[in-house]
2 protein chains.
Amino acid sequence: MSSRDAGRQPKYQRIAAELRAAVAAGEYGPGERLPGENDLMVAHGVARMTARQALGVLQAEGIVEARKGAGVFVRDFKPIRRRGIERLAHARWGEGRSVWEADAAGRELLVDSVEVSEEDASDAIAGVLDMAEGGGEKVCVRRRRYTLDGKPVLLATSYLPADLVSDTPITQPDTGPGGLYARLADLGRKPVRFREEIRSRMPSADEAERLTLPAGVPVVLVARTAFDAEGAAVEVNEMVLDSSAYVLEYGFEA
Amino acid sequence: MSSRDAGRQPKYQRIAAELRAAVAAGEYGPGERLPGENDLMVAHGVARMTARQALGVLQAEGIVEARKGAGVFVRDFKPIRRRGIERLAHARWGEGRSVWEADAAGRELLVDSVEVSEEDASDAIAGVLDMAEGGGEKVCVRRRRYTLDGKPVLLATSYLPADLVSDTPITQPDTGPGGLYARLADLGRKPVRFREEIRSRMPSADEAERLTLPAGVPVVLVARTAFDAEGAAVEVNEMVLDSSAYVLEYGFEA
DNA sequence: TAGTGGTCTAGACCACGTA
DNA sequence: ACGTGGTCTAGACCACTAG
């Protein structure tokens with residue numbers, strides 16, 4: 001460190017803190033450009049790598065996004081709401097205003113790509129899904145990607161027992177009116193109960209690419225298991241969500 | 001770049017990919033030490049900052065954790081399960097057990113610190129909570145931190161209308177048997193319905209410190225609103241969870 | 001005490017976006 | 001064409017942890 005230490009904090013942390021405060025104070029609004037590496041070098045009298053490190057802190061925090069050749073910009077947060085109840089049932093839940101705003105108004109969630117294949121079940125899937133006796137460990141795998149206003153926001157992978165769904169539209173890209181669950185109903189295996197397990201972590205390199213995630217944006221993992229009237233697990237759907245695009249909502253009674 | 005480009009990828013990405021694969025293949029198990037900066041410099045013939053950058057990638061992905069003066073180690077993932085339904089069933093909290101103690105599966109989840117105060121409601125909270133007419137915008141705020149096996153994993157902040165809970169144990173650090181919701185029941189405002197909103201992002205510097213989070217670990221935010229029999233929102237609980245410590249679970253019917 | 005990661009410098013060349 | 005962020009080098013000193 002060259003001259004003063006300024007409160008026992010590393011220079012790059014001080015610079016980061018200053019920028020963070022400025023963003024929080026609204027000096028730089030969503031989408032606006034921050035001082036770049038060169039600006040910070042001059043303003044604080046530091047080397048390029050130090051200015052870079054300061055900006056790296058804000059990127060890792062998800063506050064800011066760097067665009068090559070353009071600059072560093074304040075990120076925006078406009079999620080959509082995904083309701084655990086409503087989307088799979090008709091019951092209306094939770095009147096009253098919500099804590100986080102999430103407007104889906106006028107924005108389109110579309111399937112971007114569909115891929116269907118038959119594969120050997122992983123141990124994790126085989127352990128959850130109720131496979132028929134002697135039916136092997138084959139599963140029908142449906143991989144889809146969803147985009148919101150053109151931006152990919154969700155990767156979904158469904159697993160179903162292969163012998164259950166063979167020779168049905170479920171093995172086709174287009175499952176027909178009502179979708180997957182309507183076809184399961186046709187088979188007399190209509191899902192009536194669901195369990196969703198949720199966690200979060202940083203994306204793998206592959207996930208970051210397929211969701212076009214900038215640095216500092218985690219993914220939310222939702223694993224949904226669908227049970228039929230007999231309590232058999234007929235489908236497992238593993239979803240990977242862009243955490244900056246979604247607010248999940250669940251309701252339940254005491 | 002000095003000699004070969006090796007597939008259009010930056011050196012540090014190649015090194016990171018190699019280490020990532022090695023970890024995935026089990027060459028380095030949870031808790032084990034990876035090659036350090038010096039090792040990578042020698043092995044790949046790169047400068048210190050480049051080796052550092054490679055390790056930085058794995059840290060940002062949450063795969064690995066650096067310990068000053070010791071080395072870089074593979075991180076472990078041992079979450080506990082938090083069930084949305086069972087934990088609030090009145091069969092549990094109605095009879096002397098508080099909400100959070102309910103699911104310490106073998107491991108101990110303890111309250112680390114409690115802080116109670118009366119504050120002006122933020123716009124977000126005031127918009128959600130049903131405040132009495134003319135009762136002002138004051139809210140009772142209860143801040144708690146929970147630790148699991150000594151490690152902080154959850155920050156919880158409850159907001160309740162101040163005029164509703166004044167002169168009750170809710171304004172005390174210890175709310176008594178059955179906890180907060182039992183006291184609301186005493187007031188004839190027993191919560192009967194709940195809504196939980198969930199999102200995820202990287203922690204603020206403050207959150208990272210209070211949860212002792214290493215780099216590359218996001219937080220999960222859970223905002224729970226409790227409604228009484230009249231449908232009035234009597235409590236909002238904003239929680240910040242260490243994402244590596246929790247799996248959330250919800251169940252519902254079609 | 002020896003080795004580790006953390007911070008920092010002062011240069012360099014590149015690919016990219018915007019104008 | 002110019003400025004931007006992205007990558008990289010070859011040094012340096014420090015604080016911390018472990019043996």
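Here the structure is a predicted model, which means the values were calculated and not measured.
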Novice: Write down the atom of Val116(B), the atom of Thr171(B), and the distance for their closest heavy-atom approach.
Specialist: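 Of all heavy-atom pairs spanning Val116(B) and Thr171(B), the closest is CG1-O, 3.5 Å.
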
Novice: Using whole Å, what does the distance between atom P of nucleotide dA15(C) and atom CD of Gln9(B) come to?
Specialist: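 Those two atoms, CD and P, are 16 Å apart.
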
Novice: Taking CE from Met49(A) and C1' from dG6(C), how many angstroms apart are they, rounded to a whole number?
Specialist: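 About 13 Å, once rounded to whole Å.
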
Novice: What's the closest nucleotide to the Arg52(A) side chain, out of dG11(D), dG6(D), dT9(D)?
Specialist: dG6(D)

Novice: Rounded to the Å, how far apart are Leu55(A) CG and dG6(D) P?
Specialist: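 It is 9 Å, rounded to the nearest whole Å.
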
Novice: For Ser243(A) and Pro218(A), indicate whether the former's side chain and the latter's backbone hold a donor-acceptor pair under 3.5 Å.
Specialist: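 Yes; at least one donor-acceptor contact below 3.5 Å.
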
Novice: Pull out every residue in residues 37-44 of chain A that has a heavy atom closer than 4.0 Å to any atom of DNA chain D, ordered by number, or say none.
Specialist: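 Correct list: Glu37(A), Asn38(A).
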
Novice: Of the nucleotides dG6(C), dT9(C), dT9(D), which one has an atom closest to the side chain of Ala47(B)?
Specialist: dT9(D)

Novice: Out of dA12(C), dA12(D), dC8(C), which has the shortest distance to the side chain of Tyr12(A)?
Specialist: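 In terms of side-chain proximity for Tyr12(A), the closest of dA12(C), dA12(D), dC8(C) is dC8(C).
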
Novice: Could you walk me through whether Tyr146(A) and Leu110(A) pass side chain to side chain contact (heavy atoms under 4.5 Å, CB included), step by step?
Specialist: CA-CA 5 Å; Tyr146(A) 290 81; Leu110(A) 295 172; over 6 Å; no

Novice: Could you state the CZ-P distance from Phe73(B) to dT4(C), rounded to the nearest angstrom?
Specialist: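 In whole Å, dT4(C) P and Phe73(B) CZ are 11 Å from each other.
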
Novice: Run Arg201(B) and Val219(B) through side chain to side chain contact (heavy atoms under 4.5 Å, CB included) and show every step you take.
Specialist: CA-CA 6 Å; Arg201(B) 57 162 169 74; Val219(B) 288; 3.8 Å; yes

Novice: Taking Arg33(B) for the side chain and Tyr28(B) for the main chain, is one N or O donor matched with an acceptor at less than 3.5 Å?
Specialist: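 It does not hold such a pair.
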
Novice: Would you kindly give the CD-to-P distance between Gln53(A) and dA10(C), to the nearest whole Å?
Specialist: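 Whole-Å distance recorded here is 15 Å.
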
Novice: Under 4.0 Å from any atom of DNA chain C, heavy atoms only: list the residues of residues 60-68 of chain B that qualify, in numerical order.
Specialist: Ala66(B), Arg67(B), Lys68(B)

Novice: Grab the NZ-P distance between Lys11(A) and dG6(C) for me, whole Å please.
Specialist: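 From Lys11(A) NZ to dG6(C) P: 19 Å.
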
Novice: Hey, does the side chain of Thr50(A) come within less than 4.0 Å of dT7(C)'s phosphate (OP1/OP2), counting only N and O?
Specialist: no

Novice: Starting from P on dC14(C), measure out to CZ on Arg48(A) and report it in whole angstrom.
Specialist: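 Computing the Arg48(A):CZ to dC14(C):P distance gives 15 Å.
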
Novice: When you check the gap from the basic side-chain N to the acidic O, do Arg199(A) and Glu197(A) get nearer than 4.0 Å?
Specialist: no

Novice: Rounding to an integer number of Å, can you tell me how far Gln13(B) CD sits from dG6(D) P?
Specialist: 12 Å

Novice: Between dG5(C), dT9(C), dT9(D), which nucleotide gets closest to the side-chain atoms of Arg33(B)?
Specialist: dG5(C)

Novice: Any side-chain to backbone donor/acceptor pair from Arg67(A) onto Phe73(A)? Under 3.5 Å, distance only.
Specialist: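 Flag not set: sc Arg67(A) to bb Phe73(A) has no pair under 3.5 Å.
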
Novice: Which heavy atom of Pro152(B) sits nearest to which heavy atom of Thr212(B), and what is that distance?
Specialist: CG-OG1, 3.9 Å

Novice: Using only atom types and a distance under 3.5 Å, with no angle test, would you say the side chain of Glu207(A) pairs donor to acceptor with the backbone of Ser204(A)?
Specialist: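 Yes; judged by distance alone, with no hydrogens or angles, the pair exists.
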
Novice: Counting only Watson-Crick pairs (N1-N3 plus N6-O4 or O6-N4) and G-U wobbles (N1-O2, O6-N3), all under 3.5 Å, who is the partner of dG19(D)?
Specialist: none

